[in-house]
Amino acid sequence: MCGITGWVSFGRDLTAESTTLDAMTETMSCRGPDDRGTWTGGPAGLGHRRLAIIDLPGGRQPMTVETPTGTVAMVYSGETYNFTELRRELAGRGHRFSTESDTEVVLRGYLEWGEALAERLNGMYAFAIWDARHDKLVMVRDRMGIKPFYFYETSDGVLFGSEPKAILANPLARARVTLDGLREVFATVKTPGHAVWDGMREVEPGTVVTVDRSGLRRHVYWTLETRPHTDGRDASIARVRELLDDIVRRQLVSDVPRCTLLSGGLDSSAMTALAARRLGEVGETVRSFAVDFVGQADNFVADELRGTPDTPYVHDVAKSAGTEHRDIVLDSDALADPEVRAKMIRARDIPMGFGDMDASLYLLFRAIREHSTVALSGESADEVFGGYLQFFDEEARAADTFPWLVKFADHFGDDARILRPDLNAALDLPAYVKEGYATAVAGVRRLDGESDFEYRMRKISHLHLTRFVRILLDRKDRASMAVGLEVRVPFCDHRLVEYVYNTPWALKSFDGREKSLLREATADVLPQSVYDRVKSPYPSTQDPKYAIALQGHVKDLLAQSGHPVFDLVDREAAARAADVSAPQITQPSRRGLERTLDLAIWLDLYKPEIVLS
């Protein structure tokens, strides 16, 4: 896992631009604390920061191959889980390898198959190849968008990077955000390709972007396609388990210490139990980590989202699976610390956060990094198997909008309440969401004979797998890589995603519960308590001290003269939220405080040019 960046300029020789390339590369030192490297050749320059996971001495980058007609150079971030099979095939075709790394396999694979290599990869990856034989840059991103990848077109080429900050370190890129960028910040819809920063785009998941002297071209090598599902219940359960066993086996491969993230929910418990069984076969014990809050177990109050605290279930799994377990217990002072909030915003480059859930995720990962370098996560199982409340809520099912937005304001608050009225009017978020929804569902193909209800559930599943999951994957990548921790997401294996997506909803929920297929496929490795547990989201602190601390920070902002955050946030609304008595601070009010602080820190860190017309 690493950070990559680069610059292609067909109008200049970039060997003279090493200072700028170094600056771009160093913005991602957290993503790659183990090594750094740059390479230039005529109109191209590549930069790399390395987090060493496989073949620690042999995987240095940029990696190059000299051919009779020119150099082929690559910077690569991620993991290719089928690299052993690909290496064997390439060796059979005459390729010779000098390292044991998956990076070299990908580079040699490009020499053999060109851009069609992407279709052969199983993994999470973002990589760029400068092919001097044809004077072109090839940028490739994994199918699900697990690894981030951005680019910025210039007058004579392109800038690219794992994160926007790498691109913004080049003087050719403007740190500018327009109304359209702010819409993306506040709408919670994740428009494919959108990067918030004006002029910047994402390499979309499942896409190859090629840049040469004639311009930029995109080729989509994978999409989530509708296909008939012919397996019955037992065969579907068996196939899910077969896939999970293979996925976990592949994703446990590492030359550095690895662990699992354990919440006590079905997803992380199943993944942890399968990992423990696999490692137990070779005499190893899996490490597991969970997040908790001071006093949470004793003072927990159930609500519509979270009916039970995590800790008892976490400990049941740790005991059942025989893990070496550790709880990471956080207090409100740490969660409300402005420096922690700033680190998370710096990691994400945009103020698009989840409040204390962002802070706790960052602090959890920072604590884990002291013990492990690779962690397996249960992220994305809810999107794949249908675990969220909105999959079962009749109002959300029937709504012609993104289903997670139907009750979002009730649970988390409405950003429109904190923004200036004139900005709210200019953003017109309802219209933005409506247009985005229409675009998102337009390409969802209906099976012949598929009922109205099954087609509706197919669209809801598609929206979660192509929109919502990308918000969470980006969040997890940024929080983990900010501390040099690689987080793998077994439930995002494209084979599993394709298979379960095309499984009818009647099979996905055959017992009337969420994630029926996953529960039954892993029932033999789960403690009964977890098997019976109802879905509970990532935990959020209930300590009123956290909200009180937020109020204090917002009051400090209000005391400043002319802070630019109040060009966006309604000052009176912020003042009211900062003065509410502690027992009356609701979750929506708390979100307003968090959003105000996020925006203020972002403006201080990046000093973006905000264009509101």
Side-chain angles (χ1 to χ4, degrees), residues 1 53-54 78-84 102 122-124 146 237-291 310 313-328 364-365 367-369 371-382 384-385 387 473 476 480 485-493 495-497 500 515 517-527 529-531 533 538:
M1 198 65 64
I53 302 294
I54 294 175
E79 303 291 345
T80 296
Y81 301 124
N82 63 332
F83 80 96
T84 301
D102 60 335
N122 177 316
M124 55 178 188
I146 304 168
I237 292 169
R239 179 56 178 159
V240 167
R241 177 55 177 269
E242 179 185 21
L243 284 168
L244 287 173
D245 282 338
D246 181 67
I247 293 164
V248 169
R249 174 184 63 82
R250 291 177 182 276
Q251 298 201 18
L252 283 171
V253 174
S254 170
D255 292 337
V256 295
R258 64 271 209 240
C259 66
T260 68
L261 308 178
L262 179 58
S263 72
L266 174 61
D267 318 335
S268 66
S269 299
M271 181 268 304
T272 295
L274 292 175
R277 175 171 289 191
R278 173 65 182 173
L279 290 180
E281 293 172 355
V282 293
E284 294 185 43
T285 299
V286 70
R287 296 175 175 178
S288 60
F289 293 87
V291 68
D310 286 346
Y313 300 92
V314 166
H315 292 171
D316 284 352
V317 175
K319 181 179 179 181
S320 172
T323 74
E324 179 186 323
H325 181 72
R326 181 174 303 206
D327 291 322
I328 306 300
L364 170 66
F365 289 160
I368 290 173
R369 186 61 176 87
H371 309 278
S372 295
T373 311
V374 172
L376 270 65
S377 166
E379 188 81 274
S380 308
D382 286 308
V384 174
F385 289 96
L473 289 173
K476 188 172 293 284
S480 60
L485 177 70
E486 175 180 298
V487 174
R488 298 177 179 178
V489 278
F491 291 109
C492 274
D493 186 291
R495 299 169 299 162
L496 181 69
V497 171
V500 179
K515 296 179 285 194
L517 281 178
L518 176 59
R519 183 178 292 102
E520 291 307 315
T522 56
D524 62 309
V525 297
L526 296 172
S529 60
V530 172
Y531 179 90
R533 190 186 186 193
Y538 184 86

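Not measured: the values here are computed from a predicted model. In this chain, residues are counted from 1 in sequence order.
At most 12 non-hydrogen atoms from other residues, nucleotides or ligands lie less than 6.0 angstrom from CZ of R326.
Without hydrogens or angle criteria, R287 side chain to E324 main chain gives no donor-acceptor distance under 3.5 Å. In this structure, R533 contributes its side chain and L266 its backbone to no donor-acceptor pair below 3.5 Å. Between the side chain of D267 and the backbone N or O of A381 there is no donor-acceptor pair closer than 3.5 Å. With hydrogens and angles disregarded, a donor-acceptor distance shorter than 3.5 Å links the side chain of D102 to the backbone of T80.
Closest of all the heavy-atom pairs between F289 and S372 is CE1-OG, 4.3 Å. Among all heavy-atom pairs drawn from S254 and V374, the shortest one is OG-CG2, 3.8 Å. When all heavy atoms of L526 and T522 are compared, the closest pair comes out as CG-O, 3.3 Å. Considering every non-hydrogen atom in both L262 and A290, the closest pair reads O-CB, 3.0 Å. Nearest heavy-atom pair, V317 versus P527, reported as atom, atom and distance to 0.1 Å: CG2-CG, 4.0 Å.
Side-chain atoms of F385 and V240, non-hydrogen and from C-beta on, do get closer than 4.5 Å to each other. L261 places a side-chain heavy atom less than 4.5 Å from the side chain of I368. Within the 4.5 Å cutoff, side-chain heavy atoms of K476 are placed close to those of S377. Residues R258 and V286 form no side-chain contact, since every pair of their non-hydrogen atoms from C-beta on lies 4.5 Å or further apart. When side chains are defined from C-beta on, C492 does not count as touching M124, because their heavy atoms never get closer than 4.5 Å. Counting heavy atoms from C-beta on, the side chains of L376 and P490 come closer than 4.5 Å. The shortest distance between side-chain heavy atoms of E79 and E486 falls below 4.5 Å. Between Y531 and S269, every side-chain heavy-atom pair lies at or beyond the 4.5 Å cut-off.
Of the N and O atoms on the side chains of S529 and D316, at least one donor lies less than 3.5 Å from an acceptor on the other residue. Side-chain atoms of S288 and T272 form no donor-acceptor pair, as typed in the model, at a separation below 3.5 Å.
Here L364 contributes atom CG and R369 contributes atom CZ; the two are 14.0 Å apart, rounded to the nearest 0.5 Å. Remark: R250 CZ to R278 CZ distance equals 10.5 Å, nearest 0.5 Å. The line from CG of L279 to CG of L252 is 5.0 Å long, rounded to the nearest 0.5 Å. The distance from the CZ atom of F491 to the CG atom of L496 is 7.5 Å, given to the nearest 0.5 Å. Taking CZ of R277 as the reference point, atom CG of D245 lies at 8.0 Å (rounded to 0.5 Å). Between atom NE2 of residue H315 and atom CG of residue D310 there is a gap of 10.5 Å, rounded to the nearest 0.5 Å.
A salt bridge links D524 to R241: one of the charged nitrogens lies within less than 4.0 Å of a carboxylate oxygen. Salt bridge annotation for R495-D246: present, with a cationic side-chain nitrogen under 4.0 angstrom from a carboxylate oxygen.
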Inset, instruction - Tell me, with the steps shown, if Y81 and D493 meet side-chain contact (heavy atoms from CB on, under 4.5 Å). - result: CA-CA 10 Å; Y81 301 124; D493 186 291; 5.5 Å; no
